[in-house]
Protein chains: 2
Amino acid sequence: MVNKKDDNQTEKAILEAADKVFTQKGFAAARMEDIAQEAGINRALLHYYFRSKDKMFDLIFQQRVSIFFSGLGQIMHSEKPLIEKIQAIVEHEITILLAHPYLPIFVLQELNQNPHRMLAIAENAGAHPSLLLKKFSVEVRAEIKAGTIRETDPAQLFMSIMGMAIYPFVARPVVKIILEKDDVGFESVMLQRKKEITDFIIHALKP
Amino acid sequence: MVNKKDDNQTEKAILEAADKVFTQKGFAAARMEDIAQEAGINRALLHYYFRSKDKMFDLIFQQRVSIFFSGLGQIMHSEKPLIEKIQAIVEHEITILLAHPYLPIFVLQELNQNPHRMLAIAENAGAHPSLLLKKFSVEVRAEIKAGTIRETDPAQLFMSIMGMAIYPFVARPVVKIILEKDDVGFESVMLQRKKEITDFIIHALKP
DNA sequence: GTCTATAGGGTGATAGAC
DNA sequence: GTCTATCACCCTATAGAC
């Protein structure tokens with residue numbers, strides 16, 4: 001226990017580097033050399049800490065998926081009234097995606113190639129994906145019955161919410177060109193978008 | 001010109017195979033061997049027809065982006081009234097994506113890694129991306145001024161339309177689990193979704 | 001713990017026979 | 001045009017010195 005330099009210092013550096021490289025390039029295009037350079041260390045060290053590229057990737061990927069789902073699960077199962085809940089979802093998604101720009105395209109791309117990974121990981125994260133909609137659906141139907149919102153299919157509504165919030169980040173390079181914005185401009189548009197989406201949905205749901 | 005077997009028969013087979021493999025795995029993960037097998041031929045033949053993996057990919061990618069944008073451009077620049085135009089966009093996107101399930105995640109993933117490719121290709125396709133919004137914006141503002149729709153930012157509206165239509169396909173594996181559907185069920189939900197989205201937008205835009 | 005050197009396997013591309 | 005054989009390189013992983 002005497003001669004170790006910064007034990008979990010380098011481990012942390014590696015994890016950050018791996019996250020950056022994997023997230024930006026995807027598993028196949030990412031090379032161990034890229035990660036080592038990004039972390040300022042040697043390739044062999046990566047294997048010393050994490051054995052293999054696959055093991056490293058699984059770790060990173062699981063973390064990323066958790067970010068994507070854990071917060072969402074809490075909101076979905078909370079006791080807020082429907083409109084507030086929708087507002088919270090939108091704010092949460094956009095806030096997270098502003099902090100992690102490459103997150104959704106990375107997760108969705110890797111998931112598309114390995115759909116089975118999804119279940120195991122998401123359940124680990126505590127958010128049974130198939131249960132996400134259950135409570136939400138009940139609440140939507142209750143509001144419809146009470147006449148406070150228009151007749152709508154809960155699943156379709158949920159897809160609309162997620163699509164409006166997440167899609168611009170997935171299509172970021174296209175959006176930047178079409179809107180003629182740089183990164184700063186893009187982020188400012190996404191900040192406005194929080195209120196824009198919520199208003200849009202509230203009006204769309206009016207009876 | 002006597003002994004050649006099926007000249008553009010194999011070429012066509014290769015293109016189809018390349019499209020399938022590249023679209024499903026992305027450039028980095030796709031191997032020439034995969035494509036050759038899928039086409040029922042030999043690796044060397046791929047190089048005989050298309051020289052290199054890069055050249056092959058560029059070709060496929062350009063075609064895919066064209067599918068994505070060419071039809072959209074026509075609709076955006078047409079003379080339909082606003083609501084009809086929005087309806088046409090939604091129907092067009094969902095129809096195309098039902099026919100090409102892996103298209104958006106593929107295009108968006110590769111674009112994220114090579115944003116510069118975007119411009120050259122999209123302009124080739126005849127749809128200046130930065131002009132896509134111009135006419136649409138004017139029309140939206142006209143309707144607002146006429147009092148037929150609510151005050152809305154055209155760019156935000158456009159992102160909402162595209163997000164609602166495209167996102168479920170990008171997140172297809174997640175959606176299938178959350179909605180507990182198989183492929184057939186997913187497609188039927190997306191068919192319903194055409195009307196769902198249009199209604200949603202019309203209500204959201206009511207003054 | 002961290003490095004250098006190298007093994008071992010895979011992949012894109014070409015040469016050359018048919 | 002289509003195949004087999006092979007080259008040359010790159011990348012993951014490990015062995016071994018410090």
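Worth saying up front: this structure is predicted, and the values here are computed from it rather than measured. Proteins come first, then strands; the chains are lettered A, B, ... in the order of their sequence lines, and each starts at number 1. For the numbers below, each heavy atom of this structure counts, side chains included, while hydrogens, waters and symmetry mates do not.
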In whole angstroms, how far is the [atom2] atom of [N] from the [atom1] atom of [X]?
X: A/His47; N: C/dA7; atom1: NE2; atom2: C1'; answer: 13 Å
X: A/Lys53; N: C/dG9; atom1: NZ; atom2: C1'; answer: 14 Å
X: A/Phe50; N: C/dT2; atom1: CZ; atom2: P; answer: 12 Å

Counting neighbours of NZ on B/Lys134 that are heavy atoms of other residues, nucleotides or ligands and sit closer than 6.0 Å, is the number greater than 12? yes
Reckon B/Thr10 has a side-chain N or O less than 4.0 Å from the OP1 or OP2 of D/dG1? no
Presence of B/Tyr48 side-chain N/O under 4.0 Å of C/dT14 phosphate oxygens OP1/OP2: no
Give me the residues of residues 24-41 of chain B where at least one heavy atom lies under 4.0 Å from an atom of DNA chain C, by number, or none. B/Ala30, B/Arg31, B/Met32
Looking at every non-hydrogen atom in both residues, tell me the closest pair between B/Lys25 and A/Gln109 and how far apart they are. O-NE2, 4.0 Å
B/Arg150 to A/Phe200 - nearest heavy-atom pair and separation: NH2-CA, 3.9 Å
What I want to find out is whether B/Asp183 reaches B/Arg172 closely enough, with some N-O distance under 4.0 Å, to be called a salt bridge. yes
Indicate, with yes or no, if the rings of B/Phe169 and A/Tyr167 have centres closer together than 6.0 Å. no
Would B/Phe106 and B/Phe22 count as a close aromatic pair, with their ring centres under 6.0 Å? no
Consider the side chain of B/Arg43, meaning its heavy atoms from C-beta on, and name the nucleotide among C/dG12, D/dG1, D/dT4 that approaches it most closely. C/dG12
Side chain of B/Leu45 (C-beta onward), nearest among C/dT2, C/dT4, D/dT2: D/dT2
